[in-house]
Amino acid sequence: MDKRGKLVVGRREVLKGAAVLAAPISALGCSSSSDATPAATKRFAHGIASGDPLPDAVILWTRVTGDGGPVSVTWEVYDDDKGTKVVLGGVAEANADRDFCVKVDVKGLQPNRIYYYRFKALGESSEIGRTKTAPAGPTAHLRFAMVSCASYAHGYFHGYRALSEMPDLEAVLHLGDYIYEYGDSEYGDVRTYDPSHEILNLDDYRRRHAHYKKDADLQAIHKVYPFITIWDDHETANDSYKDGAENHTEGVEGAFADRKAAANRAYFEWMPIREQSPGPGGAKIFRKLAYGDLVDIVLLDTRLYARTKQAGGAVGAPPAPDPTRTLMGDEQAAWMEDQLKTSAARWKLLAQQVMVANLILEKGKQIANLDQWHGYPESRKRFLDFLKTSGVKDVVVLTGDIHSSWANELVNDPTDPAQYDPATGKGSLAVEFVTPGISSPGIPTIFLGLIDQTRPINPHIRYVEPSHRGFVILDVTKDRIQAAWHLFDDVVSPDPIKPKFSAAWSVKSGETRLVSENAPA
Ligand SMILES: [Fe+2]
């Protein structure tokens with residue numbers, strides 16, 4: 001979505017084997033919603049975070065505010081929330097090369113366990129964080145949060161705060177736009193940024209990440225749940241693709257290749273993501289995380305790895321066939337297909353950036369958001385044809401980017417009766433759940449009437465709520481997966497506010513028909 005409204009590892013020392021017990025999240029004492037730096041110490045002013053859980057490993061992250069030189073940082077993992085029973089620990093170095101961020105891939109953990117952790121440096125200790133490893137083997141029930149699009153300038157991160165107070169999530173799936181690149185008042189004017197100008201170079205991107213990481217609500221959620229993240233466009237610039245972006249003027253704003261490299265570097269420094277060797281398309285974030293025999297999370301990069309330039313502005317007719325146009329590139333598409341084909345998990349959650357479902361403007365006339373899958377018809381057809389012919393079942397697409405809430409049945413052309421029966425859902429190949437923004441504004445008013453008018457001719461779009469911010473909770477069992485939308489009336493006021501349940505839709509294993517439910521699981 002754009003502003004027009006489309007929407008070290010350091011040396012590690014194993015101390016002893018692991019064991020774990022849980023303490024309530026409330027015991028970790030989250031502070032209240034505000035711009036101010038919360039209870040963290042001066043040396044750990046940017047908080048702590050964890051991410052990318054495996055059955056035996058998890059990423060731990062922090063950033064040390066030192067005096068300019070390298071800092072030795074001790075990390076400890078505990079099986080109690082008071083930090084008295086150390087099960088693992090070691091030493092890492094925070095240095096200027098990684099902007100004094102410390103990322104440790106802690107291994108040797110037990111599956112499906114809650115752990116606590118803390119960093120120590122320069123005579124101070126960080127707060128104690130909580131994290132959880134992924135299960136291995138038979139798994140009956142999992143709950144994930146799904147979030148995206150946190151425009152700091154548009155308001156407060158009440159969604160992060162509310163999620164930090166939920167008791168039973170496995171992890172938070174962040175589908176991108178964790179930061180925004182704009183300068184003050186260029187896109188939202190509720191809060192101001194550091195730096196105040198549009199971010200362009202490595203120092204800018206580092207400062208913007210640092211600014212976000214001082215938000216009390218963001219710190220609160222990082223403190224209690226591991227994040228599983230992918231980037232979307234605004235971690236670089238609006239409507240970015242492999243070689244450019246709508247919000248980048250080549251030359252005037254430097255070379256896009258340099259800007260992208262700076263953005264990606266800062267992202268890897270500041271986010272609790274497990275890093276991989278770059279591929280032919282550059283920095284790589286597409287990867288798989290397994291949650292026992294219940295869920296495989298297949299994470300994609302439809303943004304920067306291989307995407308060719310959009311076919312035009314925000315909205316228009318779908319582009320003419322062009323075999324050179326791609327959203328993911330052959331390498332990543334083949335990797336995704338292989339992950340789906342070889343998955344032994346019941347559910348395959350395809351976590352990615354932009355909406356797959358298309359929108360019919362009037363009978364016989366489609367309208368494409370040219371930044372979404374509809375703007376890349378060859379890539380979209382390849383994916384949907386794969387679902388049709390491979391025999392892979394129980395694929396659920398998880399989407400962000402568009403700052404609005406949708407539940408869609410996916411079919412190549414929903415207007416073709418030979419492909420899809422809207423009355424029964426026959427022909428649907430998979431379902432898609434789209435999470436709204438945490439704070440980024442919804443679809444502009446001028447499009448609301450259009451969406452209402454076109455509902456009857458878009459029966460594959462089973463649910464749409466275009467305006468409100470919020471998040472989705474995914475409740476997963478062997479038999480079904482339910483997405484429940486929780487939305488906020490307001491994110492402009494800093495006063496804490498509770499979300500309201502808006503809708504829930506589920507799909508049964510072996511089926512591709514969305515069913516409305518009255519209450520969240
Ligand atoms: Fe966004």
Side-chain angles (χ1 to χ4, degrees), residues 1-7 148-154 175-189 193 197-201 204-205 208 230-264 266-267 281-283 300-320 322 324-329 352-356 358-359 367-377 379-380 399-404 437 440-444 446-447:
M1 268 224 175
D2 70 10
K3 57 189 168 190
R4 293 180 307 272
K6 84 161 185 93
L7 242 306
S148 70
C149 297
S151 171
Y152 188 94
H154 279 93
L175 302 179
D177 291 357
Y178 180 98
I179 64 166
Y180 277 71
E181 82 277 19
Y182 297 111
D184 284 348
S185 301
E186 291 178 354
Y187 181 57
D189 54 10
Y193 283 118
H197 56 267
E198 182 180 336
I199 54 176
L200 297 171
N201 59 38
D204 291 343
Y205 281 99
R208 186 57 57 86
I230 48 177
W231 57 48
D232 193 12
D233 49 339
H234 291 286
E235 283 87 350
T236 48
N238 182 58
D239 283 2
S240 49
Y241 54 98
K242 186 173 188 294
D243 301 313
E246 179 275 335
N247 190 26
H248 179 79
T249 306
E250 193 72 9
V252 174
E253 294 182 310
F256 183 75
D258 294 341
R259 185 174 184 177
K260 184 170 87 164
N264 292 355
Y267 187 88
L300 302 181
D301 181 354
T302 64
R303 185 53 71 181
L304 291 182
Y305 193 73
R307 176 195 278 251
T308 50
K309 189 174 182 178
Q310 293 85 349
V315 171
D322 178 355
T324 67
R325 187 177 302 288
T326 182
L327 197 59
M328 290 197 293
Q352 54 93 52
Q353 292 81 6
V354 286
M355 199 158 87
V356 179
N358 48 10
L359 185 62
I367 183 172
N369 177 326
L370 296 170
D371 188 55
Q372 297 182 342
W373 283 74
H374 204 178
Y376 295 81
S379 296
R380 189 171 181 279
T399 299
D401 183 67
I402 194 172
H403 308 180
S404 44
S440 304
I443 292 176
I446 53 168
F447 290 120

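FYI, side chains are in, hydrogens and waters are out, and symmetry mates aren't considered; it's all heavy atoms of this structure.
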Side-chain heavy-atom pair [X], [Y] within 4.5 angstrom cut-off:
X      : Y      : answer
Asn358 : Arg380 : yes
Ile179 : Ile199 : yes
Met328 : Asp301 : no
Trp373 : Val354 : yes
Lys260 : Ser240 : no
Asp189 : Asp184 : no

NE2/His248 to CG/Asp239 distance, rounded to the nearest 0.5 angstrom?
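Here the interatomic distance stands at 14.0 Å.
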Rounded to the nearest 0.5 Å, what separates atom OG1 in Thr302 from atom CG in Asp233?
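Interatomic distance, Thr302 OG1 to Asp233 CG, rounded to 0.5 Å: 9.5 Å.
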Can you see which heavy atom on [X] is nearest to which on [Y], and at what distance?
X      : Y      : result
Pro319 : Leu370 : CD-CD2, 3.9 Å
Ala237 : Ala245 : CB-CB, 3.8 Å
Tyr193 : Ser151 : OH-OG, 4.0 Å
Gln310 : Arg303 : NE2-NH1, 3.8 Å
Ser379 : Leu327 : OG-N, 3.0 Å
Asn264 : Ala283 : ND2-CB, 3.6 Å

By the definition side chain to side chain contact (heavy atoms under 4.5 Å, CB included), identify the one residue from Ile230, Leu175, Leu304, Asp177 that meets it with Gln353.
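Between Gln353 and the candidates, side chain to side chain contact (heavy atoms under 4.5 Å, CB included) is satisfied uniquely by Ile230.
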Using modelled atom types only, decide if a donor and an acceptor are shared between the side chain of Arg208 and the backbone of Glu235 within a distance under 3.5 Å.
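Not confirmed, Arg208 side chain does not pair with Glu235 backbone.
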Ser440 (side chain) donor-acceptor with Cys149 (main chain) under 3.5 angstrom
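Yes, Ser440 side chain to Cys149 backbone: donor-acceptor pair under 3.5 Å.
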Do the rings of His154 and Tyr187 sit parallel, tilted or perpendicular, given the 30° and 60° boundaries?
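If you compare the ring of His154 with that of Tyr187, the planes turn out perpendicular.
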When the ring planes of Tyr267 and Trp231 are compared, do they come out parallel, tilted or perpendicular, using 30° and 60° as the limits?
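Ring orientation, 0 to 90° scale: perpendicular.
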Should Asp371 and Arg307 be marked as a salt bridge (charged side-chain N to carboxylate O under 4.0 Å, His left out) after you check the CA-CA gap, both sets of side-chain angles, and the distance that decides it?
CA-CA 10 Å; Asp371 188 55; Arg307 176 195 278 251; 2.9 Å; yes
Modelled atom types, side-chain donor and acceptor of Asn247 and Glu181, under 3.5 Å
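Side chains of Asn247 and Glu181: pair found under 3.5 Å.
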Taking atom types as modelled, is there a side-chain donor on Gln352 or Thr399 under 3.5 Å from an acceptor on the other?
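Yes, side-chain donor-acceptor contact under 3.5 Å.
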Partner residues of Ala255 under the side chain to side chain contact (heavy atoms under 4.5 Å, CB included) criterion, sequence neighbours left out
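So Ala255 forms a side chain to side chain contact (heavy atoms under 4.5 Å, CB included) with Glu250, Asp258.
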Apply salt bridge (charged side-chain N to carboxylate O under 4.0 Å, His left out) to Glu253 and list each qualifying residue two or more places apart in sequence or on a separate chain.
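In terms of salt bridge (charged side-chain N to carboxylate O under 4.0 Å, His left out), with neighbours along the sequence ignored, Glu253 is linked to Arg259.
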Testing Tyr205, Tyr178, Tyr180, Tyr152 one by one against His234 for a ring-ring contact (aromatic ring centres under 6.0 Å, His included), which residue passes?
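Checked Tyr205, Tyr178, Tyr180, Tyr152 against His234; only one passes ring-ring contact (aromatic ring centres under 6.0 Å, His included): Tyr180.
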